[in-house]
Amino acid sequence: MQPIDLQGVLSPWQPGVFSLILYGAVVIGLTLALLFLSRWLGRQHPTPEKTRVYESGIIPTGQARLRYPVPFFMVAIFFLIFDLEGAYIFSWAVASRPLGWAGWFQIQFFIGVLIAGLVYVWVKGGLEWGPKRD
């Protein structure tokens, strides 16, 4: 093993920890300075007209909170689950040769857990979104 040369790591001329810390400090400092200047130099004269909600030139009427039906959220959750599943399976397919049989068994287990979850949701009636039939 080679000893770690701390002089090279902290040198401003070689990529290392010092450069990363310096870059992070500059970014944070510049961000804070810009936020402070915008708050300090900006005009703030709130009036009832300025604080009123404005949406595409239409003054809103009624309650802003609308109730979305549960199937809307279920479609969104199913999309996320199966979208992520597809991303994992495609990434496994790209690296399937180096992963070998161990990777194949792992992806089969992953797909099995997803199928078991789908069967559970199906049995519990989570996929029935229409009106109930008698």
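Remember, predicted model here, so these are calculated numbers, not experimental data.
Hydrophobic cluster membership differs between Leu84 and Ile89, with clusters built from Ile, Leu, Val, Met, Phe, Trp and Tyr side chains linked at under 4.5 angstrom. Both Trp101 and Tyr88 belong to a common hydrophobic cluster when Ile, Leu, Val, Met, Phe, Trp and Tyr are linked at side-chain heavy-atom distances under 4.5 angstrom. Hydrophobic clustering of Ile, Leu, Val, Met, Phe, Trp and Tyr side chains at less than 4.5 Å, counting indirect connections, keeps Leu80 apart from Leu118. A single hydrophobic cluster is seen to contain both Trp92 and Ile115, as judged by linkage of ILVMFWY side chains at heavy-atom distances under 4.5 Å, directly or through other members.
Summarising the geometry, atom CD belonging to Gln106 is positioned 12.5 Å from atom CD1 belonging to Ile111; distances are rounded to the nearest 0.5 Å. Atom CZ of Phe78 and atom CD of Glu85 lie 12.5 Å apart (nearest 0.5 Å).
Residues Val123 and Val119 meet the side-chain proximity criterion, which asks for heavy atoms closer than 4.5 Å. The closest side-chain heavy-atom distance from Trp104 to Leu99 is not below 4.5 Å.
A side chain to side chain contact (heavy atoms under 4.5 Å, CB included) with Thr31 is found for one member of Ile28, Leu34, Leu35 and no other, namely Leu35.
In Phe79, the CZ atom is not crowded: 12 or fewer heavy atoms of neighbouring residues, nucleotides or ligands sit closer than 6.0 Å.
Note: Phe36 and Trp40 have parallel aromatic rings, judged against thresholds of 30 and 60 degrees for the angle between ring planes.
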